Number of protein chains: 2
Amino acid sequence: MNLKQLAHMLALSQTTVSRALNGYPEVNEETRRRVMDAAKRHGYRPNPSARRLATGKSGMIGYVLPTGAAVDIDPHFVEFLSGLGDYARAHELDLVLSPADADDQETTYRRIVANRQVDAVYISSPRPVDRRVALVNTLGIPFIVHGRSEGSGFDYPYLDIDNEGAFHEAARLLVQLGHRRLALINGDDRETFAIHRERGMRRALAASGLTLDDRHVSSVVMTEENGYRAARRLLEQDDAPTAIACSSLIMALGVVRAARDLGLSIPGDISLIAHDDVFPWLKPENFSVPLSTTRSSIRLAGARVAERLAARISGLEEGARGEVWPVDLVVRGSVAGAPG
Amino acid sequence: MNLKQLAHMLALSQTTVSRALNGYPEVNEETRRRVMDAAKRHGYRPNPSARRLATGKSGMIGYVLPTGAAVDIDPHFVEFLSGLGDYARAHELDLVLSPADADDQETTYRRIVANRQVDAVYISSPRPVDRRVALVNTLGIPFIVHGRSEGSGFDYPYLDIDNEGAFHEAARLLVQLGHRRLALINGDDRETFAIHRERGMRRALAASGLTLDDRHVSSVVMTEENGYRAARRLLEQDDAPTAIACSSLIMALGVVRAARDLGLSIPGDISLIAHDDVFPWLKPENFSVPLSTTRSSIRLAGARVAERLAARISGLEEGARGEVWPVDLVVRGSVAGAPG
DNA sequence: AGAGTCTTCCAAAGCGCTTTGGCTTTCCCG
DNA sequence: CGGGAAAGCCAAAGCGCTTTGGAAGACTCT
């Protein structure tokens, strides 16, 4: 059943039927009702390919997926996706993932924009002066950045959590508990979130006249193994830290294992706080010692990004609106006063 | 730059240019070269929307993503996706994720097929007599099932690993080591993979005149917490098992924690084997006691599914070809002879 | 009553590609 | 040398929608 048939059946022109269906004002309400009715009864659904060719709109949102033998997709992605899906489902939006060589995403962005494959895109894991952000900005496709880029010299729409504030609070708590030597096991410090977290910690320490020793900072891909290695390295130093802030639960698993291997107790010998993106399959309260966390649901962020993307597509949202979500500090058993 | 302009520029008809570009035989090789050349020089790329409307082919593969507030996307998905992306990138295939109400995926399948949004789909986590498989089969869109459905009374193309064989081998090893009371902490037993794993274990036990006590089988969503709970329940029974097979690394984390909480040593008191889908961020060799596993890379499976999907789209693969991959049994420190 | 303004609808021109059906031209062979 | 086949090209008809540029009729106002 296509438009032509439906129009014929109603003894109307395709124009009128199309307009009735799409809510244009220049059609009699009575006629509109008839059309809507017939459309529903016959299960008419406009052909998206045709609509797309005519309008240039696809009804999909895009994401350029960096891939490659050496590239691992972050498990956070799947939770973000859950949230995105929650919203998208309710609005019949599809998501298209365009795999791209991690080292050359530009080609892919250009392709999906030139081809009008998607109406909007989102960008995740941005870095300062991120080329992708500058690119989609000039390309003129609606977009939202999940996270922040910095120092590019222009504004853009984003959704981020207050990473700096979160780690500031975490560090402040640790300092209040008497810790003087703090450590940070961070994610890839080329990404903004990691920079913000480090900045937050340093600021909290500075407020008490303390500093974050460079030897007490690790920046690694967030795997269990890297968490373990970083923790061992830290804890085997002569001036070992008494408290560790860690950028992910998965790394925290490694930290806990390292402490156990070294015969150190949490929180007796070292306090531990990690950032929790809220995975359903790994919960901080279930760590052998319940883990204190800075918590922010990445799933909710996914839903919100989808919502704002939809708003941008339909013109409801404009401009470079930035949105920063506060982060909860949840104190559990893994932090205690500094030893000694 | 569109076809019309390019044709005009070459003083050829659109027909000829189109055919030259698409490799049709009825065009002079010399002409073809000229066309190809001009196309490349001017960076001509056929508009996919137009091509799509004309041919009905979209150049994308689809996946219906079950979503909902209570639905968690499995973290395995992201690894599968990595593999799929690896292949898809090299072939400029995009993946479209269509979020659907987990309880009504049929509507979405019908929509994406009716709309010709994708050229092929894959189905994951199938159950016996899976309605989705029957549906896409009758809908007539090329597809591949990742996993197996059973008892539907028709054949279909799939890629699966030998779950039954894997758990058969795992159980056999444990029995050889003197274990008599084995337990299974399985995934959702409405899914085929879980059924196969249980079957494999039972078969191995039966071969030695043993059985798998129903009280020694758990079927749960594969989270750390569920692994912990299941393990505690098992290990606190009077006839507690001396060996556990576990369907995922994440659950195994919970099992290890439970053992520790109960003061049981691995492998001194209980042996543990888990299935490993090969995550980059959580490795069995890094468990406090290196974990024995049945191993199969889900990432490679993703790449293979993409490859076969592409082959089906282009007509290179036909029929109901099933493909079953063997699974490695990797023995590490977490298994030992039965205590006593 | 005539002019102007809405309201409501329509025919037809795109959107940019593929593909059908045919038309020349060349080539081969009896 | 004439007829048939093959090669190489083209015009035009889709694909199914949106949107432009009217047009007809109803209504208002002077």
Side-chain angles (χ1 to χ4, degrees), chain A residues 1-36 38-39 42-60 92 111-119 313-315, chain B residues 1-36 38-39 42-60 92 111-119 313-315:
Chain A
M1 167 71 52
N2 59 22
L3 184 62
K4 191 187 216 168
Q5 294 168 23
L6 185 64
H8 182 78
M9 175 167 302
L10 285 162
L12 285 172
S13 73
Q14 296 188 39
T15 310
T16 304
V17 175
S18 171
R19 287 185 159 149
L21 259 20
N22 293 321
Y24 281 67
E26 57 258 272
V27 44
N28 191 314
E29 272 313 315
E30 155 71 24
T31 310
R32 188 192 304 279
R33 225 185 318 277
R34 261 179 64 219
V35 172
M36 293 281 216
H42 295 84
Y44 168 75
R45 306 267 305 178
N47 176 320
S49 302
R51 160 175 284 178
R52 192 159 160 165
L53 179 58
T55 62
K57 297 270 168 194
S58 67
M60 311 201 197
E92 278 207 6
R111 170 171 67 84
I112 65 179
V113 171
N115 290 349
R116 297 175 159 281
Q117 297 204 149
V118 295
D119 297 341
I313 290 172
S314 58
Chain B
M1 166 71 49
N2 58 23
L3 184 61
K4 192 184 213 168
Q5 295 168 23
L6 185 63
H8 182 77
M9 176 167 302
L10 286 162
L12 285 172
S13 73
Q14 295 187 38
T15 309
T16 303
V17 175
S18 171
R19 286 184 160 148
L21 259 21
N22 293 320
Y24 281 67
E26 57 258 273
V27 44
N28 191 314
E29 273 313 317
E30 155 71 25
T31 311
R32 188 192 305 280
R33 225 185 316 279
R34 259 181 64 219
V35 172
M36 293 281 218
H42 295 84
Y44 168 75
R45 305 267 305 179
N47 176 320
S49 300
R51 159 175 283 178
R52 193 159 158 166
L53 178 60
T55 62
K57 298 268 169 196
S58 66
M60 311 203 196
E92 278 209 7
R111 170 171 67 83
I112 65 179
V113 171
N115 290 349
R116 297 174 161 282
Q117 297 204 147
V118 295
D119 297 340
I313 290 172
S314 58

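Here the structure is a predicted model, which is why all the values come from computation and not from measurement. As a basis for the values below, the full set of heavy atoms in this structure was taken, side chains included, without hydrogen atoms, waters or symmetry mates. Per chain, numbering begins at 1; letters A, B, ... match sequence-line order.
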May I ask you to test the L53(A)-S49(A) pair for a side-chain heavy-atom distance under 4.5 Å? no
Contact list for DNA chain D against residues 25-35 of chain B - heavy-atom distance below 4.0 Å: E26(B), V27(B), N28(B), T31(B)
Looking only at heavy atoms, the pair that brings L21(A) and A39(A) closest together is CD1-CB, 4.2 Å
Note down the inter-axis angle between the two ends of the helix from dA1(C)-dT30(D) to dG30(C)-dC1(D), five pairs each, to the nearest 10°. 50°
For S13(A), what residues pass the side chain to side chain donor-acceptor pair (under 3.5 Å) criterion, not counting sequence neighbours? T16(A)
Partners meeting side chain to side chain contact (heavy atoms under 4.5 Å, CB included) with M9(B) (sequence neighbours left out): M1(B), H42(B)
Suppose we screen for side chain to side chain donor-acceptor pair (under 3.5 Å). Which residues come up paired with R116(A), at least two apart in sequence or across chains? none
Side chain to side chain contact (heavy atoms under 4.5 Å, CB included) against I313(A), all qualifying residues, sequence neighbours excluded: I61(A), D119(A), A120(A)
Output all residues satisfying side chain to side chain contact (heavy atoms under 4.5 Å, CB included) with R111(A), sequence neighbours left out; order by chain, then residue number. S98(A), T108(A), N115(A), Q117(A), R45(B), E92(B), D94(B)
Give me the distances for all protein-to-nucleotides 21-23 of chain C N/O pairs that come in under 3.5 Å?
none

Over all atoms of both residues, closest heavy-atom pair of A20(A) and V27(A): CA-CG1, 4.0 Å
Residue pair N47(B) / N2(B), side-chain heavy-atom distance below 4.5 Å: no
Could you tell me whether A11(B) contacts a base, only the sugar-phosphate backbone, or nothing, with contacts defined as non-hydrogen atoms closer than 4.0 Å? sugar-phosphate
Do H8(A) and K4(A) have side-chain heavy atoms sitting under 4.5 Å apart? no
A side-chain contact here means heavy atoms from C-beta on lying under 4.5 Å apart; do L3(A) and S18(A) qualify? yes
Reading DNA chain D from 5' to 3', where do the contacts with chain A start and stop? Cut-off is 4.0 Å to heavy atoms. dG16(D) to dG21(D)
Under 4.0 angstrom between T16(A) side-chain N/O and dC10(C) OP1 or OP2: yes
Do T15(B) and R19(B) have side chains that get closer than 4.5 Å, going by heavy atoms? yes
Would you sort out whether R51(A) and N22(A) count as a side chain to side chain donor-acceptor pair (under 3.5 Å), showing the intermediate values? CA-CA 12 Å; R51(A) 160 175 284 178; N22(A) 293 321; 3.2 Å; yes
Can you tell me how far apart CG (L12(A)) and CZ (R34(A)) are? Round to the nearest 0.5 Å. 5.0 Å
Partner residues of R32(B) under the salt bridge (Lys or Arg N to Asp or Glu O under 4.0 Å) criterion, sequence neighbours left out: E29(B)
Let's see if you get this right: which residues in residues 43-57 of chain A place a heavy atom under 4.0 Å from DNA chain C? L53(A), A54(A)
